[in-house]
Amino acid sequence: MSDEIKKNNYSADSIQALEGMEHVRMRPSMYIGDVGVRGLHHLVYEVVDNSIDEAMGGHCDTIRVDINEDGSVTVEDNGRGIPVDMHKKEGVSALEVVMTKIGAGGKFDKDSYKVSGGLHGVGVSVVNALSKHLRATVHRDGKVYEQEYERGKALYPVKQIGETTKRGTMVTFYPDPVIFTQTTDFTYDTLSSRMRELSFLNKGITITFTDKREVDKDGNFVSEIFHSDEGLKEYVRYLDANREPIISHVISMNSEKGEIPVEVALIYNTSYTENIFAYVNNINTHEGGTHLQGFRTGLTRALKKYADASGMLDKLKFEIAGDDFREGLTAIISVKVSEPQFEGQTKTKLGNREVVAPVSQAVSEMIENYLEENPNDARIIVQKVILAAQARHAAKKAREMVQRKTVMGGGGLPGKLSDCSEQDPSKCEVYLVEGDSAGGTAKQGRDRAFQAILPLRGKILNVEKAMHHKVFENEEIRNIFTALGVTIGTEEDSKALNISKLRYHKVIIMCDADVDGSHISTLILTFFFRFMKELIEEGHVYIAAPPLYLVKKGTKKEYAWTEDQRDQANARMGGSAAIQRYKGLGEMNAEQLWETTMNPGFRTLRQVNIDSLAEADRVFSMLMGDEVPPRREFIEKNAVYANIDA
Ligand code: 0RA
């Protein structure tokens, strides 16, 4: 080690602390992922996680989360309160250490089981560093203490400001607009989904969530109370509310094998989709990992053993594959790991090998018990597995046809695709356009150098209701696969997606701005969500936003996307402009379509991103499933893309 480095290591802790906070402000993405919408919401999760920890330790049962009138957020719990006594080493109050020192989070409570913590497990000091103002209030030992900070620096030493009979910690913070340049506005639905998820994952806690920025027609704030007594069992029922179960109970268990707490709940439904949500320390691990591997192994082992013994497979001419055991399965796995290793592109893949065995053992025991006690359900599940295996064989044939076209066909692009001339996929975009006539207009209006057009006929197949082989036999869907250069399915995994040869980095859905159009975009999105999720996850999917109005007077013309814009444009023209309401893309000519919706210099594209996978799944199953009443209610109440933050 060089002298220079030694000297640096020797520098005073307080200076390091300051440097730590400055480092957070200099490189915020290293701590919270990004400084966009996602990172902003991460601040709230980080603060709430601390209170969840306190609750998991058995010290509190209620957490209040408010978006305040002024846009700040308050998180309050009824826990022990962060200690305020003098921290011997630092020479300041423990509260100040927790709030201003990076990585100080759990230091005082080594023995407590600290497993929560945000995706990056960074602690509340990071939130403090990234807030233009933060106030921490502690109720403890009959007294109220307070300290405030600006961009992570304490404004004064912790002071006593009163007396109390309560206990707990309250933090109010204002995200710093210097850091969050895109927006500092919290989205109700995003926070609400996360609070609901947390309440299912941590049963017994009550989380109240209130948005004080607006009142409803009765003068009340929008507010929700989340509380789950049954945890994951209830979560599964919630996710499958719009699907039809085929067995009589949610199968669930709760164990602490090998010191790794494992909780699992699952049910089978009539659908053909596999929906498994795996959590580690309350974090949704979309990329899966060892806990998911353990789950799959345990499930397959127990079901296979039962099916073999039952004799129901005797007449089957082919092997059952892993996938077949998971068709129509909705499951949640939640494990707590004290030193999680996160891997993968988005650091949401659990790497700890020691997790596999305890999960697989616990899961196969759970399934074996259930099958033994519920022989009727056992037969129903095995029948479903056999059907899935048969359908997989049919799907394989259909899929191979798609692949032959894609891989070997050379010039085998769909006839309806008007391709662009550019060869570099990162510069290319493809518009998926509703209907042949709008497709024609788009083809005339586009810049053919980098924009391709694929018209889709009418309503594309509802993949939520179709068996897989029907999906691969569908012409529109095959056209999408071949046009995009995406293939699906390998020998080992029938759903493995290969997007390495993706021909366009922007895939833009362009539909009419009406109810039918939004239905069609939902169908297309559902297809992407179920069959090309990585495309969404990697940010390749967009929705075009055609204008709703043309406001025109003499030679002046303006387009409007909202009624407000329309009225303002009209006002600018003296209030007597002619207003045309576009009922569909078809009413625009090629030039208008280009200048409003396709010209990269002017258009606004909404990037589709998956906020919470579980919530997105529920919304899709509701919008696309059989149960009509909830769907109608939802569409009447919300925009179509509520939880797909498009
Ligand atoms: C360390 C020690 C103790 C409490 C906490 C941390 C604590 C932190 C947070 C963050 C949000 N809410 C919280 N509640 C408690 C207390 C140790 C003791 O009293 O013995």
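Whatever order the structure lists ligands and atoms in, that order sets their numbers, starting from 1. Since we're looking at a predicted model, the values are computed, not measured.
- Close approach to N50 involves these atoms of ligand 1, each under 4.0 Å from a residue heavy atom: 10 (C), 11 (C).
- Taking every heavy atom of T169 and a limit of under 4.0 angstrom, the matching atoms of ligand 1 come to 12 (N), 13 (C), 14 (N).
- Within the structure, ligand 1 has G81 among the residues with a heavy atom less than 4.0 angstrom away.
- At a 4.0 Å heavy-atom cut-off, ligand 1 does not touch C60 at all.
- The pair K132-E150 does not meet the salt-bridge criterion, since no charged nitrogen lies less than 4.0 angstrom from a carboxylate oxygen.
- Of the options R167, M99, R140, the smallest heavy-atom separation from atom 19 (O) of ligand 1 is shown by R140.
- The neighbour count for Q345 CD, taken as heavy atoms of other residues, nucleotides or ligands under 6.0 Å away, does not exceed 12.
- The closest approach between any non-hydrogen atom of H59 and ligand 1 is not below 4.0 Å.
- Every residue two or more places apart in sequence or in another chain that forms a side-chain hydrogen bond (donor to acceptor under 3.5 Å, both in side chains) with T172 is listed here: T74.
- Taking H540 as the reference, nothing meets the side-chain hydrogen bond (donor to acceptor under 3.5 Å, both in side chains) condition, with sequence neighbours excluded.
- The pair R213-D66 fails the salt-bridge criterion, with no side-chain N (NZ, NE, NH1 or NH2) lying under 4.0 Å from an Asp/Glu carboxylate O.
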